[in-house]
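This report refers to the structure that appears directly beneath it.
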Amino acid sequence: MTSAALDPDVLISWFDATARDLPWRRPECTPWGVLVSEIMLQQTPVARVEPVWHEWLRRWPTPSALAAASQAEVLRAWGKLGYPRRALRLHAAATAIAEHHGDAVPSDVDTLLALPGIGAYTARAVAAFAYGRRCPVVDTNVRRVVARAVHGAGDAGPPSTTRDLADVEALLPADEADAARYSAAVMELGQVVCTARSPRCVDCPVLDGCAWHRNGRPAYNGPAKPVQKFAGTDRQVRGLLLDVLRDSSGPVVRARLDAVWADAGQRDRCLDSLLVDGLVEQTDDGRFALPGDH
DNA sequence: TACTCGTGGGA
DNA sequence: TTCCCAAGAGT
């Protein structure tokens, strides 16, 4: 007789005993603080988010406070977290919350989903972690842990929101308070123990229920995951262009931007895309600036 | 569905 | 050094 995979009692006890003390997990953290953390943590490690999160919550403790800031201020405060479109979407979400939701972060998944920058993961993470709602929270860690412990695979296959949510819904404790704690515990397990590269099975609290371990830890045999290149891509060039504008106190002349990348064709394409994305604006005299920074 | 969108640290 | 990847969303 083997234990069921991902036993809630065991995982929640393990989480209570070992969870990292992150500021957005503290009881005094507001739903707004949780939302800001979730957006910042999208594809971005905890260590880089923490200092920026503190600064944001100090400057903008409510959605309406952020909504009152300019886009340029917000982009500078975002710093080098990466994917700066997230900052503009968070600003837009804050504006919507201030105008249409009485300055209170919604607790309902569908209402959250309607806000910019909030997708299947973030909507449920906010509902669960800020409001204790019982809903499946599925991020890359949860997908990997479930793939191993439940399905005995080396890693998760391609994401499918519908299937992934149903998978986790089946594991979720019935009790509302336990459900949110359980989701946090499974995520934490994936982050610190059941990691992508070298899982620390010796430290795993639910090893005896793990199908992957029981099967002898077979290698992942699903479709190859596309590798993210960076050097030489438009993402790198956009980052370099935006870095110039973040560091300047106002509009800059074209030549300043031309200096960051030799390939004029790629440079122009990237600058155009930044204008389209609303991350850059052109002034009447032909210079370039962060939105609102002139 | 597959691809794009930043950045930096660790294996 | 190179490569992988880290609490996804939007199109």
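Just so we're clear, the structure is a prediction, and the values are computed from it rather than from any experiment. Residue numbers start from 1 in every chain, and the chains themselves are labelled A, B, ... in the order their sequence lines are given, proteins ahead of strands.
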Flag, side chain of Asp164(A) to backbone of Ser160(A), donor-acceptor distance under 3.5 Å: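 The answer is yes, because a donor-acceptor pair under 3.5 Å joins these two groups.
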
Exam field: side chain Trp24(A) to backbone Val36(A), donor-acceptor pair closer than 3.5 Å: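 Not a single qualifying donor-acceptor pair exists.
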
Arg238(A) side-chain proximity, nearest of dC4(C), dA6(C), dC5(B):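 Shortest atom-to-atom distance from the side chain points to dC5(B).
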
Could you check whether [X] gets within reach of a base, just the sugar-phosphate, or nothing at all, counting any heavy atom under 4.0 Å?
X         : value
Leu22(A)  : base
Gln236(A) : nothing
Arg144(A) : sugar-phosphate
Val227(A) : sugar-phosphate
Pro158(A) : nothing
Trp78(A)  : nothing

Salt bridge present between Arg143(A) and Asp167(A) (N-O < 4.0 angstrom):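 Looking at Arg143(A) and Asp167(A), the cut-off is not met.
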
[N] versus [M] - spacing of their [atom1] atoms, nearest Å:
N      : M      : atom1 : value
dT1(C) : dG8(B) : C1'   : 15 Å
dA6(C) : dG6(B) : C1'   : 12 Å
dA2(B) : dA7(C) : C1'   : 22 Å

Connected hydrophobic set around Trp212(A), excluding itself, where side chains approach under 4.5 Å: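 Its cluster partners, ordered by chain and number, are none at all.
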
Non-neighbouring partners of Trp14(A) that pass ring-ring contact (aromatic ring centres under 6.0 Å, His included), sequence neighbours left out: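 Counting only residues at least two positions away or on another chain, Trp14(A) forms no ring-ring contact (aromatic ring centres under 6.0 Å, His included).
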
According to side-chain contact (heavy atoms from CB on, under 4.5 Å), who are the partners of [X], at least two apart in sequence or on a separate chain?
X         : value
Arg26(A)  : Asp21(A), Glu28(A)
Asp285(A) : Thr283(A), Arg287(A)
Ala68(A)  : none
Ser107(A) : Tyr131(A), Arg133(A)

Below 4.0 Å: OP1/OP2 of dC5(C) and any side-chain N or O of Gln228(A):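 Checking dC5(C) against Gln228(A), no side-chain N or O comes under 4.0 Å of OP1 or OP2.
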
Would you tabulate the pairs of protein nitrogen or oxygen atoms and nucleotide nitrogen or oxygen atoms of nucleotides 9-11 of chain C closer than 3.5 angstrom?
unit_1, atom_1, unit_2, atom_2, d
dA9(C), OP1, Gly119(A), N, 2.8
dA9(C), OP1, Gly119(A), O, 3.4
dA9(C), OP1, Thr122(A), N, 2.9
dA9(C), OP1, Thr122(A), OG1, 2.7
dA9(C), OP2, Ala120(A), N, 3.4
dA9(C), OP2, Tyr121(A), N, 3.2
dG10(C), OP1, Gly117(A), N, 2.6

Within one Ile-Leu-Val-Met-Phe-Trp-Tyr cluster: Leu81(A) and Leu41(A), side-chain cutoff 4.5 Å: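 Yes, Leu81(A) and Leu41(A) fall within the same hydrophobic cluster.
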
Cluster overlap Leu115(A) with Tyr83(A), hydrophobic side-chain contacts below 4.5 Å: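 Each belongs to a different hydrophobic cluster.
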
I need the [atom1]-[atom2] distance between [X] and [N], as an integer number of Å.
X         : N      : atom1 : atom2 : value
Leu279(A) : dC5(B) : CG    : P     : 12 Å
Gln191(A) : dC5(C) : CD    : C1'   : 13 Å
Asp234(A) : dC5(B) : CG    : C1'   : 10 Å

Arg86(A) side chain to Gln43(A) side chain, donor-acceptor N/O pair below 3.5 angstrom: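 Result is no, nothing qualifies.
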
Between protein and nucleotides 8-11 of chain B, what N or O pairs are separated by less than 3.5 Å?
none

Test item: Gln236(A) and Trp261(A) side chains (from C-beta on) under 4.5 Å apart, heavy atoms: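 Result yes, sub-4.5 Å side-chain heavy-atom pair found.
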
Any residue of residues 244-256 of chain A with a heavy atom less than 4.0 Å from an atom of DNA chain B: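 Those residues whose heavy atoms fall under 4.0 Å from DNA chain B, taken from residues 244-256 of chain A in numerical order, are Arg246(A).
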
Sub-4.0 Å heavy-atom contacts from residues 166-183 of chain A onto DNA chain B, ordered by number: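 DNA chain B contact set from residues 166-183 of chain A: none.
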
Positions of residues 125-142 of chain A (non-hydrogen atom under 4.0 Å from DNA chain C), listed by number: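 Hits under 4.0 Å, by residue number: Asp139(A), Thr140(A), Asn141(A).
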
Worked check of salt bridge (charged side-chain N to carboxylate O under 4.0 Å, His left out) between Arg254(A) and Asp268(A): CA-CA 11 Å; Arg254(A) 179 71 181 237; Asp268(A) 291 348; 2.6 Å; yes

Contact nearer the 5' end of DNA chain B, comparing Arg86(A) with Ser160(A):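 Nearest nucleotide further toward 5': that of Ser160(A).
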
Considering all heavy atoms, the nearest Cys270(A)-Arg238(A) contact: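 It is CB-CG, 3.9 Å.
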
Name every donor-acceptor pair, under 3.5 Å, that has one atom in a side chain of residues 116-129 of chain A and the other anywhere in the protein, sequence neighbours excluded.
unit_1, atom_1, unit_2, atom_2, d
Tyr121(A), OH, Glu38(A), OE1, 2.7
Thr122(A), OG1, Gln42(A), NE2, 3.0
Arg124(A), NH1, Ala120(A), O, 3.0

Identified side chain to side chain contact (heavy atoms under 4.5 Å, CB included) partner of Tyr182(A) from the options Asp7(A), Leu171(A), Val168(A), Asp175(A):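 Among the candidates, only Leu171(A) passes.
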
